[in-house]
Amino acid sequence: MLDIKYIIDNTDTVKKSLARKGFPSENIDSLISTYLEMNKLKTSSQALAETKNKLSNSIKSATAEERPSIIAKSKELGEELKKEQEELSILETKFNDMMLRLPNYPSPDCPDGPDDTHNVVIRKVGTPRTFDFTPKDHIELMEMNDWSEMERIAKVSGSRTYAIKNDLAQLELAIHMMVLDKLRSHGFTVITVPALSKERPLYGQGYLPFSRDEIYYMPADDLYLSGTAELILNSLRADEILSENELPILYAGFSPCFRREAGAAGKDTRGLVRVHQFMKTEQFVICKNDIAESEKWHQKLLAISEEVLQDLELPYQVLDICTGDMGAPKYRQYDLEAWVPSQNCYRETHSCSNITDWQARRTNLRYRDNADGKVKYVHTLNNTGIATPRALVPFIENHQNADGTVNIPVKLRPYLGGKTKIGKNA
RNA sequence: GGAGAGUUGGCAGAGUGGUAAUGCAGCGGAUUGCUAAUCCGUCAUCGUGAAUAGCGAUGCACAGGUUCGAGUCCUGUACUCUCCGCCA
């Protein structure tokens with residue numbers, strides 16, 4: 001959500017900024033006129049309320065003879081007021097709906113463009129490996145090592161699900177443990193959170209009102225399945241006024257994640273790349289309302305996830321996401337993509353975003369600034385720590401040997417009982 | 001699932017029909033000056049203002065209702081705690 005007063009005082013700047021994300025300028029004009037209309041009505045109904053309050057309060061000290069006429073007059077005003085307030089609440093609902101649909105301002109530094117073809121590669125780290133044998137894709141590797149039950153689980157749980165077993169199942173958990181340890185060493189609070197969410201957090205995160213199709217909903221309990229721990233962590237402190245001394249708050253959230261993948265028909269239908277349910281360790285930061293401060297944390301989060309891919313010894317590239325490809329909540333977004341040999345390209349493993357105060361305005365999460373005692377909205381940021389099973393795809397493909405075994409990078413070995421290699425022939 | 005108790009500001013905590021006490025913390029100011037104390041103000045949201053000035057509206061979990069007037073009375077919902085039941 002954005003600040004309406006800023007929009008009114010800087011209409012042209014706002015229009016230009018949001019146009020970079022494809023948001024129509026006319027919508028800003030109608031937003032402002034709705035706001036002005038709403039305030040006009042608000043002013044008149046408040047004046048009415050003032051008169052009525054004064055009248056009501058005078059009853060206590062009025063004489064018995066005076067009372068009936070005052071009560072009658074007050075009752076009359078009450079009905080008039082009620083009518084105005086009903087009109088007002090219709091306008092308020094309209095205004096709030098419009099506010100909820102405004103995307104965040106994009107950073108002046110991020111690239112412009114309508115879609116992902118305009119994302120900019122900032123750097124590539126590591127070199128894609130040249131194999132002296134024909135590398136297998138991750139599905140073949142799973143089959144030959146007895147690491148999965150892909151066909152059988154589809155019968156039980158439907159398409160885009162997975163069941164992995166033996167060394168691969170333990171590898172999945174080991175990677176999360178490694179990342180959680182790393183985050184803890186960087187000062188993060190490790191926290192496991194539910195996959196269940198009420199509706200309000202979805203508005204708080206900015207998933208709603210934009211993409212309801214992507215979310216599992218359970219009408220019997222009026223609950224949603226969370227697509228990421230970010231959803232939960234972003235609302236964990238909702239409506240609080242924090243002390244500045246509590247900031248920054250760093251969470252390393254671990255949770256199952258659910259996505260309907262409604263818009264991904266036909267994409268990545270086989271294997272572990274795109275599934276309805278997966279496990280994610282998430283980095284989430286709540287910091288002061290200061291762009292230099294949140295940009296510092298944005299770089300820090302990016303550095304941590306790069307470190308994760310380096311520890312996993314995977315070649316990757318860093319993308320600066322363009323205005324048209326980043327979601328509505330984002331001020332700036334970097335994606336990390338790891339090299340997938342079987343697809344001969346880089347595939348997304350991490351998405352690192354600075355949301356500035358856009359989510360905090362929705363969750364009403366604020367803090368009291370030490371310098372001036374003022375209450376301000378916090379900035380929030382999020383980044384993947386690691387998401388599995390997707391990350392297992394580049395992992396087992398990059399580290400495979402000709403005999404189907406998979407090498408374990410040094411940093412991960414302590415989490416797998418010191419194993420250097422996994423697989424049937426290991 | 002059953003029974004009971006509860007939900008008031010950043011925190012603590014009064015208030016059972018007539019304008020939300022008080023304390024602590026934070027912020028601003030004054031004063032005194034031995035690392036601090038004291039006093040005053042402020043302390044959430046919104047409207048109207050150039051205004052961080054005044055004035056006003058709103059705010060006691062949420063949504064309704066009764067009333068001239070609701071933190072207070074009534075109904076519903078959510079959540080928390082205690083006990084019972086069930087259970088990974």
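Below, read A as the first sequence line, B as the second, and so on, with proteins coming before strands; counting in each chain starts at 1. Only a predicted model underlies this, so the values are computations on that prediction, with no experimental measurement involved.
- Exactly one residue among A:Asp109, A:Asp112, A:Asp325 makes a salt bridge (charged side-chain N to carboxylate O under 4.0 Å, His left out) with A:Arg20. That residue is A:Asp112.
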Could you run down the sub-3.5 Å N/O contacts of the protein with nucleotides 37-48 of chain B?
unit_1	atom_1	unit_2	atom_2	d
B:C43	O2'	A:Arg368	NH2	3.4
B:A44	O3'	A:Arg366	NH1	3.2
B:U45	OP1	A:Arg366	NH1	3.2
B:C46	O2'	A:Lys42	NZ	3.1
B:G47	OP1	A:Tyr35	OH	2.2
B:G47	OP2	A:Lys5	NZ	3.0
B:G47	O2'	A:Thr43	OG1	2.8

- Item | Intra- and interstrand pairs of RNA chain B - dot-bracket, Watson-Crick/G-U under 3.5 Å, | marks other strand | ((((((((.[[[..)..(...]]].(((((.......))))).(((((.....)))))..[[[[[..)....]]]]])))))))....
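- RNA chain B is contacted by A:Ile71, A:Ser74, A:Lys75 of residues 68-75 of chain A, taking any non-hydrogen atom closer than 4.0 Å.
- Nucleotides B:A61 and B:G13 are separated by 15 Å at their P atoms, to the nearest Å.
- Distance alone, capped at 3.5 Å, places no donor-acceptor pair between the A:Ser235 side chain and the A:Ala238 backbone.
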Using the 3.5 Å cut-off, write out each protein N or O paired with an N or O of nucleotides 77-80 of chain B and the distance between them.
unit_1	atom_1	unit_2	atom_2	d
B:A78	O2'	A:Lys198	NZ	3.3

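- For the pair A:Asn245 CG and B:C11 C1', the interatomic distance rounds to 14 Å; values are reported in whole Å.
- Distance CG/A:Leu336 to OG1/A:Thr384: 8.0 Å, rounded to 0.5 Å.
- The main-chain N or O of A:Ile8 is found under 3.5 Å from a side-chain atom of A:Thr11 such that the two form a donor-acceptor pair.
- Rounding to the nearest 0.5 Å gives a distance of 8.5 Å between OG1 of A:Thr349 and CZ of A:Arg390.
- On the C1' atoms, B:G10 is 29 Å away from B:G49, given to the nearest whole Å.
- Note on residues 232-263 of chain A: pairs passing ring-ring contact (aromatic ring centres under 6.0 Å, His included), not counting sequence neighbours, are A:His176-A:Phe254.
- For A:Arg332, the side chain to side chain donor-acceptor pair (under 3.5 Å) partners are A:Asp320, A:Tyr334, not counting sequence neighbours.
- B:U52 sits 10 Å from B:G28 when the C1' atoms are compared, rounded to a whole Å.
- Taking a 4.0 Å limit (strictly below) on heavy-atom distances, residues 227-240 of chain A does not reach RNA chain B anywhere.
- Nucleotides B:G9 and B:U45 are separated by 12 Å at their C1' atoms, to the nearest Å.
- A distance-only check finds no donor-acceptor pair linking the side chain of A:Arg274 to the backbone of A:Thr269 [under 3.5 Å].
- Within the structure, every pair that satisfies the side chain to side chain donor-acceptor pair (under 3.5 Å) test and touches residues 185-207 of chain A, not counting sequence neighbours, is listed here: A:His186-A:Lys300, A:Glu199-A:Arg212, A:Glu199-A:Tyr224, A:Arg200-A:Asp239, A:Gln205-A:Glu230.
- Rounded to a whole angstrom, the distance from the P atom of B:C46 to that of B:G59 is 15 Å.
- Rounded to a whole Å, the CD atom of A:Glu79 is 13 Å from the P atom of B:G65.
- Following rounding to the nearest Å, A:Asp222 (CG) and B:A63 (C1') show an atom-to-atom distance of 15 Å.
- The 5' end of RNA chain B is approached more closely, in terms of each residue's nearest nucleotide, by A:Leu242 than by the other of A:Asn53 and A:Leu242.
- With sequence neighbours left out, the side chain to side chain contact (heavy atoms under 4.5 Å, CB included) criterion links A:Lys60 to no other residue.
- The backbone N or O of A:Leu301 lies less than 3.5 Å from a partner atom in the side chain of A:Asn383, making a donor-acceptor pair.
- With C1' as the reference atom, B:U58 and B:G69 are 16 Å apart, rounded to whole Å.
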Output one line per pair: protein atom, nucleotide atom from nucleotides 17-21 of chain B, and distance, for all N/O pairs under 3.5 Å.
unit_1	atom_1	unit_2	atom_2	d
B:G18	O2'	A:Lys60	NZ	2.8
B:G18	N2	A:Ser56	O	2.7

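- In this entry the distance linking CD of A:Glu50 with C1' of B:C55 reads 8 Å, nearest Å.
- In this structure, the side chain of A:Asn407 does not engage the main chain of A:Lys421 through any donor-acceptor pair within 3.5 Å.
- Applying the side chain to side chain contact (heavy atoms under 4.5 Å, CB included) test to A:Glu37 and every residue at least two apart in sequence or in another chain returns A:Leu91.
- Side-chain contact of A:Ser351 with A:Gln333: a donor-acceptor pair under 3.5 Å is present, judged by distance alone.
- Side chain of A:His138 to main chain of A:Leu272: a donor-acceptor pair is present (N/O by atom type, distance under 3.5 Å, no hydrogens or angles).
- The shortest distance between side-chain heavy atoms of A:Lys21 and A:Met326 falls below 4.5 Å.
- Heavy atoms of A:Asn370 sit under 4.0 angstrom from primed sugar atoms or phosphate atoms, though from no base atom.
- One P atom belongs to B:A5, the other to B:G76, and the distance between them is 15 Å to the nearest Å.
- Glycosidic conformation of B:G49 is syn; the angle stays within 90° of 0.
- A:Ser255 places none of its side-chain heavy atoms less than 4.5 Å from the side chain of A:Pro194.
- Taking the side chain to side chain donor-acceptor pair (under 3.5 Å) definition, one finds that A:Thr356 meets it with A:Asn104, sequence neighbours left out.
- B:G26 and B:A78: their P atoms are spaced 40 Å apart (whole Å).
- When the C1' atom of B:G10 is taken as reference, atom OH of A:Tyr367 falls 15 Å away, rounded to whole Å.
- Taking side-chain N and O atoms only, A:Lys52 has no distance below 4.0 Å to OP1 or OP2 of B:C68.
- Side-chain contact between A:Leu236 and A:Phe284 is absent, with no heavy atoms from C-beta onward closer than 4.5 Å.
- With rounding to the nearest 0.5 Å, the separation of CD in A:Gln359 from NZ in A:Lys330 is 9.0 Å.
- Atom pair A:Leu365:CG and B:G10:C1' shows a separation of 13 Å (rounding to whole Å applied).
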